Number of protein chains: 2
Amino acid sequence: MSTAATTTASKSERAYQLLHERIGNGQLVPGYRLVLSSIADELGCSVVPVREAIRRLEAEGLVTFERNVGATVASIDATLYLHTMQTLSIVEGAATGLAAHLITDEDLRRARELNNQLRECLENFEPVRFTRLNNEFHAILYGRCPNPHILDLVHRGWNRLNAMRASSFDLVPGRARESVAEHEGLLELLEAKASPHEIEMAARAHRTGTLNAYMAQKNQSPSLL
Amino acid sequence: MSTAATTTASKSERAYQLLHERIGNGQLVPGYRLVLSSIADELGCSVVPVREAIRRLEAEGLVTFERNVGATVASIDATLYLHTMQTLSIVEGAATGLAAHLITDEDLRRARELNNQLRECLENFEPVRFTRLNNEFHAILYGRCPNPHILDLVHRGWNRLNAMRASSFDLVPGRARESVAEHEGLLELLEAKASPHEIEMAARAHRTGTLNAYMAQKNQSPSLL
DNA sequence: CCATGATAGATCGTATACGATTTCGTACAT
DNA sequence: ATGTACGAAATCGTATACGATCTATCATGG
């Protein structure tokens, strides 16, 4: 009956999505205390669905939960950031490598167009748009990965990283420019039909910010971090 | 007061662990219907904690859940098995590579001892013990990985795979023997202080069952599957 | 002034109850 | 005999209520 999107979403699902979005866009900063009853009141539901939503967020690492104490938005730590980024570099690299031989010319064309738009963002200093387009760019590169589990891990990693960046870790200015250049290198590898392994390692290195070093000394095996 | 282990574990935690174990050891076969009220009765608690436990299991991929219908132990599919194994190969490989430079001589000694015991299991045909010792062996190799997120992913992968094997996919007879030989190769790489990248790829190839092919043509970049 | 213990408040954990949805069996019409 | 409609049973989804546990505040003694 409803032409709009699923209006039959369960309340726990709505609670989950609301909190997920608010954590993702920085409305809920790390350390913020999530009180079940307050959230339930705001959503106009009881605490049971809210509890379930929070446990799901906990499973994704977006909130921490302590028995009889409560939930707080996961706080950030340089080590945590590093670990998350490292994990993402591995799974996203693998996804990109697995997707490489399935990517279409149209995908590559769109990716190249996005990368040009990223350049514009750099010149006009549009960090928000940059982040969005950057996500789109990478989503194209790994999107054809035929293994849904790996794609799921990539999304989880992005979510965690996103939650972190929105709060305190923001783009390192110089890094963004470097990133766009690295994208170019990735596109060239893909267009040249390089081996999946080489593409995987390049995508991984891009995340770890050492693609250039990798390209310079690619005969030597690259360190993981 | 209680000298025994944590008696204060929440009921949802107990429900989770019970179901997790039963799925892991094959008591609950894929396709089995998990009815909240029945489990609640058996555990002597209400349905709310059971529901939470089941959603956790769902998040790990051990059960599937359908709104207003119920939960069933995740059924197995050759594709699902392949995807799970592939994911595990990637994250476990990465974990092993990251752990390589932290592994101790004592670790290697124990690993070698375990591998010898695995050989005994082969000769005496002890598949159950083989599986247990095999898990221990790999746990030693990747155990020193300093990134807890990656370790978590490895454990999730093992759990899913374990749930599958216990039910219908069992050890391929010939593969077990091959596996022990590949362990030997891994140990040699570790003892020789090979590069993390090389160890990562060897560990990954071991999972995908193609270490030998990899060793034979290791100049060429190995395909991911 | 500081340490310690008790009390009150806040919050979580779970039991119970009831409504919503699905599924399955049965009767009926074709 | 087969397909369909209807109704009952089963099961999930969530609201509400109450007990358990933690935290913070404050009084008391050193």
Side-chain angles (χ1 to χ4, degrees), chain A residues 1-20 22-23 28-75, chain B residues 1-20 22-23 28-75:
Chain A
M1 198 61 61
S2 61
T3 56
T6 62
T7 54
T8 26
S10 66
K11 302 201 175 179
S12 73
E13 181 66 23
R14 285 206 310 139
Y16 169 78
Q17 290 190 1
L18 181 79
L19 292 174
H20 190 286
R22 289 197 182 171
I23 293 173
L28 294 176
V29 296
Y32 187 89
R33 186 77 171 278
L34 297 174
V35 177
L36 296 188
S37 52
S38 307
I39 298 170
D41 287 347
E42 184 186 340
L43 278 163
C45 69
S46 76
V47 296
V48 178
V50 177
R51 177 183 168 83
E52 180 172 318
I54 287 186
R55 303 291 310 230
R56 278 179 66 187
L57 292 167
E58 184 199 15
E60 294 185 36
L62 296 181
V63 310
T64 59
F65 202 79
E66 203 175 346
R67 181 185 167 87
N68 288 321
V69 175
T72 57
V73 178
S75 51
Chain B
M1 199 61 62
S2 62
T3 55
T6 61
T7 54
T8 26
S10 67
K11 302 202 175 181
S12 73
E13 181 66 21
R14 284 206 311 139
Y16 169 78
Q17 290 190 1
L18 180 78
L19 293 173
H20 190 286
R22 289 196 181 172
I23 293 173
L28 295 176
V29 296
Y32 188 88
R33 187 77 170 278
L34 297 173
V35 177
L36 296 188
S37 52
S38 306
I39 299 169
D41 287 347
E42 184 187 338
L43 277 163
C45 70
S46 75
V47 296
V48 178
V50 177
R51 176 182 169 84
E52 180 171 319
I54 286 186
R55 307 278 330 214
R56 279 179 65 188
L57 292 167
E58 184 199 15
E60 293 185 36
L62 296 181
V63 310
T64 59
F65 202 79
E66 203 176 345
R67 180 185 168 86
N68 287 323
V69 175
T72 57
V73 178
S75 53

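Bear in mind the structure is a predicted one, so any value in this text is a computation, not a measurement. Letters A, B, ... are given to chains in the order of the sequence lines, protein chains preceding strands, and every chain is numbered from 1.
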Would you kindly give the CG-to-P distance between A/Leu36 and C/dT14, to the nearest whole Å? 12 Å
With a 4.5 Å cut-off on side-chain heavy atoms, are B/Glu52 and B/Lys11 touching? no
Please determine whether side chain to side chain contact (heavy atoms under 4.5 Å, CB included) holds for the pair B/Arg22 and B/Tyr32, giving the CA-CA distance in whole Å, both sets of side-chain angles, and the decisive distance to 0.1 Å. CA-CA 11 Å; B/Arg22 289 196 181 172; B/Tyr32 188 88; over 6 Å; no
So, do A/Leu34 and A/Leu28 sit near enough that their side-chain heavy atoms are less than 4.5 Å apart? yes
When rounded to whole Å, the CZ to C1' distance for the pair B/Arg67 and D/dC12 reads 9 Å
Rounded to whole angstrom units, what separation is found between the CD1 atom of A/Ile39 and the P atom of D/dA15? 14 Å
How many Å lie between CZ on A/Arg33 and C1' on D/dA24, as a whole number? 12 Å
For the pair B/Arg51 and B/Glu58, find out whether any cationic side-chain nitrogen is under 4.0 Å from an anionic carboxylate oxygen. no
Identify, between B/Val69 and A/Val69, the residue whose nearest nucleotide on DNA chain D lies closer to the 5' end. B/Val69
Atom pair distance, as rounded to whole Å: OH in A/Tyr16 and P in D/dG13: 17 Å
Find the distance between CG (B/Leu62) and CD1 (B/Ile54) and round it off to the nearest 0.5 Å. 11.5 Å
Nearest of C/dC12, D/dG13, C/dA15 to any side-chain atom of A/Val35? C/dC12
Heavy-atom nearest nucleotide on DNA chain D for A/Glu13 versus A/Glu66: which residue maps closer to 5'? A/Glu13
Quickly, which of B/Leu36, B/Val35, B/Leu18 forms a side chain to side chain contact (heavy atoms under 4.5 Å, CB included) with B/Val50? Name it, please. B/Leu36
Let me know the distance between CG of B/Asn68 and P of D/dT11, rounded to the nearest Å. 13 Å
For DNA chain C, what residues of residues 41-54 of chain B have any heavy atom nearer than 4.0 Å? B/Cys45, B/Ser46, B/Val48, B/Pro49
